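Notes follow the structure.
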Amino acid sequence: MRIATFNINGINGRIEILLRWLAATTPDVVCLQELKAPQERFPEAAISDAGYGAVWLGQKSWNGVALLARGCDPIETRRGLPGDASDVQSRYIEAAVNGVLVAGLYLPNGNPRPGPKFDYKMAWLARLRDHATMLMDSGAPVVIAGDFNVMPTEADVYKPERWHDDALFAPEVRAAFAALLAQGWTDAIRHLHPGETIYTFWDYFRNAYARDAGLRLDHLLLSPALVPRLTGAGVDRDVRGWDHPSDHAPAWIELNADGAAASPRRKARRAKTG
DNA sequence: ATGGCATCCGAGGGATGA
C-alpha cells in the first residue's frame with residue numbers, strides 16, 4: 001500500500017501534472033494540499049476517470065486539501081482541525097482507507113515572523129498536537145501526512161544558516177515539531193534514510209531545483225502500529241523537473257499488508273522452517 | 001541583503017507563498 005503526499009500548488013492549473021503522476025506511480029492513497037480552488041471547482045470527474053475516489057475541503061484562492069483513494073471512496077472521519085471554531089482556513093481532512101486512518105494537512109507558512117501569521121502557525125501546531133494525542137491514544141493505525149511547512153533539522157535545509165529566523169525553521173517551530181514526534185510518531189522518510197540529503201521543495205527562483213537548493217517540508221508520520229509495516233519511503237524528485245511543475249515534489253511511503261508484517265522472530269522462524 | 005517566480009482572482013495589479 002503506497003501512501004503519498006503532494007502539494008500540487010493549484011489543482012486546476014496543474015491537473016495534467018497530477019494525472020501524469022498518478023498514472024506513473026499508482027499510489028493507493030494521496031494527500032493533496034494547496035488546491036487553491038473553491039469546493040465546487042474540485043476536478044472530481046477527471047480524478048474519478050483516473051480511478052480515484054476523493055474527499056476534499058476547498059477554499060477560494062488559497063489552501064484546500066484532499067484525500068484520494070485508488071479504486072474506492074475514502075471514508076471521511078473529520079474535516080477541519082478541531083480546537084478553534086473561528087478558523088475558516090481549509091487545512092485538514094481525515095479519512096479511513098483500507099484499515100488505515102489518514103490525516104492530510106497543510107500547515108500554515110507563518111511568515112513573516114514575528115507577526116499574526118506566525119502566531120496562527122504556532123496556535124495551529126498546538127491544536128495539531130492536541131488532536132494527534134487523541135489519534136495516538138486511539139491505538140488505530142494512523143498516518144499524518146502533508147505539507148508541514150517545517151524543516152525538522154539542519155539536515156533538511158540546503159543552507160541552514162540562512163533560515164534560522166524564518167517561520168519554517170525557527171527554534172520554536174522545530175521544537176513544536178519535535179514535541180509532536182515525541183508523542184510516538186515516526187518520521188517515515190527520515191527513519192528509513194537517516195543521514196541522507198532529502199528535499200521535497202525547491203523554490204521557483206534562482207534555478208533552485210537545478211542547484212538542488214531545496215527544503216524538506218513534506219512529511220509522513222506513522223503511529224507505532226504502522227512502523228513494522230514500513231517497507232519503503234521516498235520522494236518522486238523528477239516530478240519537480242516536469243514542464244510547468246509544482247514547487248513541491250510528491251513524497252511517499254510503502255506499507256506491507258496488514259498481518260504480513262515480518263517481526264524479527266517470525267522472519268527467523270520462517271527462515272529456519274523454509 | 002535583496003529579488004527572483006508562480007498561483008489565484010478577475011480584468012489591473014494585489015495578496016500570498018517559502
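Every chain is numbered from 1 and lettered A, B, ... according to where its sequence line falls, protein lines coming before strand lines. None of these values were measured; they are calculated from a predicted model.
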Handout entry: Euclidean distance for P, B:dA18 against B:dA6 (whole angstrom)
Key = 16 Å
Exercise for the section: In whole angstrom, give the distance that lies between atom CD of A:E34 and atom P of B:dC8. Expected result: 10 Å
Handout entry: Stretch residues 6-21 of chain A: residues that reach within less than 4.0 Å of DNA chain B through a heavy atom
Key = A:N7, A:N9, A:G13, A:R14
Exercise for the section: Please report, rounded to the nearest Å, how far the C1' atom of B:dT7 is from the CD atom of A:Q33. Expected result: 15 Å
Completion exercise
To the nearest angstrom, the CG-C1' distance between A:L107 and B:dG17 comes to 14 Å
Practice task
Please measure how far the P atom in B:dT16 lies from the corresponding atom in B:dG10, and state the result in whole Å.
Solution key: 15 Å
Handout entry: A:R41 CZ - B:dG10 C1' separation (whole Å)
Key = 12 Å
Exercise for the section: For A:K117, report the nucleic acid contact type (base, sugar-phosphate, nothing); a contact means any heavy atom under 4.0 Å. Expected result: sugar-phosphate
Fill in the blank from the handout: To the nearest angstrom, the CH2-P distance between A:W62 and B:dT7 comes to 12 Å
Handout entry: Protein-nucleotide distance (A:N109, atom CG; B:dA15, atom C1'), rounded to Å
Key = 13 Å
Exercise for the section: Could you check A:W202, A:Y209, A:F201, A:F205 and say which one makes a side-chain contact (heavy atoms from CB on, under 4.5 Å) with A:D247? Expected result: A:F201
Problem - ring-ring contact (aromatic ring centres under 6.0 Å, His included) partners of residues 15-35 of chain A, not counting sequence neighbours, each pair once - result: A:F6-A:W21
Fill in the blank from the handout: Here the side-chain hydrogen bond (donor to acceptor under 3.5 Å, both in side chains) pairs for residues 133-143 of chain A, sequence neighbours left out, are A:T133-A:Q183
Practice task
Using a cut-off of strictly less than 4.0 Å, decide whether A:Y106 has a side-chain nitrogen or oxygen near OP1 or OP2 of B:dA18.
Solution key: yes
Handout entry: Whole-Å gap separating P (B:dA18) and CZ (A:F118)
Key = 15 Å
Exercise for the section: Before accepting this row, confirm whether a basic side-chain N of the pair A:R70/A:D28 lies closer than 4.0 Å to the acidic partner's carboxylate O. Expected result: yes
Problem - Euclidean distance for C1', B:dA11 against B:dA1 (whole angstrom) - result: 35 Å
Exercise for the section: From the options B:dA18, B:dT7, B:dC9, select the nucleotide whose nearest atom is closest to the side chain of A:H244. Expected result: B:dT7
Practice task
Would you jot down, in residue-number order, the residues of residues 144-167 of chain A having a non-hydrogen atom under 4.0 Å from DNA chain B?
Solution key: A:D147, A:N149
Fill in the blank from the handout: note: A:D218, atom CG; B:dA18, atom C1'; distance rounded to Å ~ 11 Å
Completion exercise
For residues 102-113 of chain A, the side-chain hydrogen bond (donor to acceptor under 3.5 Å, both in side chains) pairs (sequence neighbours left out) are A:E34-A:Y106, A:N109-A:N111, A:N111-A:D166, A:R113-A:E172
Practice task
Using the P atoms only, state how far B:dG12 lies from B:dT2, rounded to an integer number of Å.
Solution key: 32 Å
Practice task
Examine B:dG17: is either OP1 or OP2 under 4.0 Å from a nitrogen or oxygen in the side chain of A:K36? Give yes or no.
Solution key: no
Exercise for the section: Would you kindly compare A:H248 and A:L35 by the position of their nearest DNA chain B nucleotide and give the one closer to the 5′ end? Expected result: A:L35
Problem - salt bridge (charged side-chain N to carboxylate O under 4.0 Å, His left out) pairs, two or more places apart, involving residues 181-191 of chain A - result: A:D156-A:R190, A:D187-A:R216
Handout entry: Parallel, tilted or perpendicular: ring planes of A:F148 versus A:H219, cut at 30 and 60 degrees
Key = tilted
